[in-house]
Protein chains: 2
Amino acid sequence: MPLTAIRLLDSESAACRTAGGIAMDSRNFILRSLSPAEEALVRPHLEPITLPQKMTVFRPDEDISHAYFIEWGCASLINILPDGDAVEVGTIGNEGMVGIPVLLEADRMPCHCDIQIPGNGWRMRAAALRSAANQSQSLRTKLLRFTQAHFNQVAQSAACNRLHSIEERCARWLLMCRDRVGDEFPLTQEYLAVMLGVRRAGVTVTARLLQGAGLIAYTRGNIRILDPAGLEEVACDCYRITRDEFRRLIPGGDSYPLVDSKPRSPG
Amino acid sequence: MPLTAIRLLDSESAACRTAGGIAMDSRNFILRSLSPAEEALVRPHLEPITLPQKMTVFRPDEDISHAYFIEWGCASLINILPDGDAVEVGTIGNEGMVGIPVLLEADRMPCHCDIQIPGNGWRMRAAALRSAANQSQSLRTKLLRFTQAHFNQVAQSAACNRLHSIEERCARWLLMCRDRVGDEFPLTQEYLAVMLGVRRAGVTVTARLLQGAGLIAYTRGNIRILDPAGLEEVACDCYRITRDEFRRLIPGGDSYPLVDSKPRSPG
DNA sequence: CCCCCTATGGCTGATACCGTACAGACCTGG
DNA sequence: CCAGGTCTGTACGGTATCAGCCATAGGGGG
């Protein structure tokens with residue numbers, strides 16, 4: 001079976017899970033942490049959604065219509081400068097919520113956000129999220145603490161982008177993806193180059209190095225992590241620093257990352 | 001008179017202003033925007049404070065005791081990595097509040113924060129700030145919108161640090177300081193090098209270039225902006241993008257930056 | 001089976017910035 | 001007036017990464 005066949009949990013099967021309750025079996029750290037009272041505020045507004053690769057979640061300076069709670073996959077906050085150059089400034093997967101500007105009453109922000117690793121999740125209208133956050137202080141606290149965790153990640157990236165080599169940053173970035181979606185995921189070097197803010201050719205050299213060292217294996221558009229511990233040695237400390245603060249700040253963070261196996265489409 | 005004589009508004013004269021009401025005459029955009037009800041929540045807890053250069057505001061992974069509302073001067077969020085390298089990831093002056101982790105219920109964060117340009121302001125105990133923010137939704141909104149503005153700034157820095165030259169970033173950074181404290185401020189090249197995450201020698205070369213072009217003038221430990229418009233042409237778009245979002249998000253942002261003259265110590 | 005598109009691999013020379021080092025210039029205190 | 005610290009100016013070789021370019025290879029559609 002080609003690797004690309006391992007893809008999405010479709011929205012139908014995601015919707016099925018609703019019957020069993022969200023809090024119990026969601027991979028999303030915010031949803032799984034909800035108390036019954038919080039769940040009553042949130043759940044009626046959740047709509048299951050598939051997240052195909054390259055889907056635009058929101059655009060710079062456009063009102064954000066929904067916040068997203070990702071189950072599988074990974075969204076990327078990308079800063080695209082007027083001259084066309086781009087870099088990723090932050091990544092969000094199942095550990096939190098996409099759409100922080102909604103929570104912070106700002107409605108929009110100057111970054112582009114798209115789906116970098118396909119998956120699925122839930123979305124909730126911006127107004128509903130704001131209303132829920134204003135009604136429950138405990139829910140608000142969870143969302144705000146995640147916001148701080150994400151802020152830390154972006155702040156770490158600002159330093160990392162300045163001070164660390166492509167190799168260090170590449171290893172860090174692959175580990176961050178692994179924590180969210182497991183050992184294997186679809187990803188081209190072209191895309192990875194945008195994430196790291198470097199030329200595609202630079203990624204090729206680095207990827208070959210990592211593969212040569214037995215840390216990863218890749219084919220066209222797919223990457224598999226072979227040796228996470230080895231990769232962590234190559235990565236800069238930024239990986240560990242960010243992850244540890246996530247663990248401290250997100251609800252139930254002591255079990256981050258989740259190690260359950262990736263769901264597959266039926267058949 | 002040596003430039004270094006132009007320094008602080010001492011806490012005594014800051015305290016005097018209290019008599020006239022904070023909202024009326026504060027340079028701080030959050031304080032000056034407070035409604036009477038909000039002011040009643042905040043003002044009793046404010047304590048005037050001078051902010052000497054290099055003062056530590058908070059340390060990595062240490063509980064933050066106070067939030068700060070700066071009137072003059074400028075604080076810097078610095079990421080110091082385990083290997084000793086450092087870069088600034090964000091700057092806060094009179095446009096907002098220092099101590100976002102308090103508001104976001106996270107208590108602390110992995111960055112170092114210190115005073116980069118001396119000045120003065122007010123501080124408020126962390127618990128008092130949290131309590132005020134939880135009691136008033138409108139106050140909370142103001143603080144959260146500032147948080148988004150600062151988040152944008154850090155996200156912009158992440159991209160800027162990766163993609164722009166020392167010269168562009170240096171010009172950007174000087175303009176950001178100017179918006180907060182006026183055309184002249186104490187600052188060594190050594191410090192500026194940390195801010196930009198480059199060698200001190202690299203700053204010297206850049207500073208000479210900018211001075212040669214008539215954009216700035218500097219002596220030991222002091223910088224004066226001569227031609228802001230010219231500097232803006234040298235700076236990358238990151239300056240404008242961040243500033244414009246600040247204007248949109250902070251209360252009364254249409255009058256940012258304030259252009260009133262810098263107060264001087266009596267005599 | 002062939003074609004074409006996408007993805008990866010590998011050149012070449014250019015350059016921005018680094019690490020290190022040292023010298024001069026200014027300021028302050030004894 | 002000297003001593004010592006701090007700040008700035010400058011040089012040198014080294015290197016990570018860039019910009020541009022072309023070659024190869026896999027894989028799906030006709």
Side-chain angles (χ1 to χ4, degrees), chain A residues 1-7 53-54 81 83-87 116 159-171 173-174 185-212 216-224 234 236, chain B residues 1-7 53-54 81 83-87 116 159-171 173-174 185-212 216-224 234 236:
Chain A
M1 179 173 59
L3 298 176
T4 46
I6 306 173
R7 275 288 164 90
Q53 201 160 25
K54 298 190 184 180
L81 298 160
D83 59 17
D85 280 342
V87 207
Q116 154 205 124
C160 191
N161 283 345
R162 181 72 203 85
L163 298 171
H164 296 144
S165 68
I166 295 184
E167 194 175 353
E168 290 171 300
R169 290 187 292 127
C170 184
W173 197 90
L174 293 174
F185 41 90
L187 186 71
T188 65
Q189 296 186 359
E190 183 79 43
Y191 211 96
L192 185 45
V194 173
M195 299 298 104
L196 302 177
V198 299
R199 291 170 317 135
R200 199 266 314 150
V203 172
T204 300
V205 173
T206 305
R208 298 219 75 210
L209 271 172
L210 297 177
Q211 181 163 253
I216 65 172
Y218 61 94
T219 59
R220 292 167 66 85
N222 264 277
I223 296 198
R224 181 154 32 153
V234 173
C236 47
Chain B
M1 178 173 62
L3 298 175
T4 46
I6 306 173
R7 275 288 163 88
Q53 201 160 26
K54 298 190 183 181
L81 298 160
D83 58 18
D85 280 341
V87 208
Q116 154 205 126
C160 190
N161 283 345
R162 181 73 204 84
L163 298 172
H164 296 144
S165 68
I166 295 185
E167 196 175 350
E168 290 172 301
R169 290 187 292 126
C170 185
W173 198 89
L174 292 173
F185 41 89
L187 187 71
T188 65
Q189 296 186 358
E190 182 80 44
Y191 210 97
L192 185 45
V194 172
M195 300 299 103
L196 302 177
V198 299
R199 290 170 319 138
R200 200 265 316 151
V203 171
T204 301
V205 173
T206 305
R208 298 216 77 210
L209 272 172
L210 296 177
Q211 181 162 253
I216 64 172
Y218 60 94
T219 60
R220 290 168 66 86
N222 264 277
I223 295 197
R224 181 154 33 151
V234 173
C236 46

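In what follows, chains carry the letters A, B, and so on, assigned in the order in which the sequence lines appear, proteins first and then strands, with residues in each chain numbered from 1.
- Rounded to a whole Å, the CD atom of B:Glu190 is 16 Å from the C1' atom of C:dC26.
- For the pair B:Leu210 CG and D:dG9 P, the computed distance is 12 Å after rounding to whole Å.
- Annotation: side chain of B:Phe185 is in contact with side chain of B:Leu174 (closest heavy-atom distance under 4.5 Å).
- The two residues A:Leu192 and A:Cys170 make their nearest non-hydrogen contact at CD2-SG, 4.1 Å.
- Listed pair B:Gln189 / D:dG9 meets the phosphate criterion, a side-chain N or O lying under 4.0 Å from OP1 or OP2.
- Heavy atoms of A:Thr188 sit under 4.0 angstrom from primed sugar atoms or phosphate atoms, though from no base atom.
- Here the P atom of nucleotide D:dT17 and the CG atom of A:Leu209 are 11 Å apart, to the nearest Å.
- Applying the 3.5 Å distance criterion, the base of D:dT6 shares a donor-acceptor pair with the side chain of B:Arg220.
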Could you pull out the protein-nucleic contacts involving nucleotides 18-22 of chain D (nitrogen or oxygen on both sides, under 3.5 Å)?
{"unit_1": "D:dC18", "atom_1": "OP1", "unit_2": "B:Arg162", "atom_2": "NH2", "d": "3.0"}
{"unit_1": "D:dA19", "atom_1": "N7", "unit_2": "A:Arg199", "atom_2": "NH1", "d": "2.9"}

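- Contact check for A:Val205 versus A:Ile166: no side-chain heavy atoms found under the 4.5 Å cut-off.
- Within the nucleic acid shown, A:Ser165 comes within 4.0 Å of sugar-phosphate atoms alone, with no base atom in reach, counting heavy atoms only.
- Considering every non-hydrogen atom in both B:Arg162 and A:Leu196, the closest pair reads NE-O, 3.5 Å.
- Whole-Å rounding puts the B:Ile223 CD1 to D:dT8 C1' distance at 12 Å.
- The shortest distance between the side-chain N/O atoms of B:Tyr191 and the OP1/OP2 oxygens of D:dT8 is not below 4.0 Å.
- One finds the CG atom of A:Leu187 at 8.0 Å from the CE atom of A:Met195 (value rounded to the nearest 0.5 Å).
- Minimum heavy-atom separation, A:Tyr218 to A:Thr204: OH-O, 4.4 Å.
- The CG-P distance, from A:Leu192 to C:dT8, rounds to 9 Å in whole Å.
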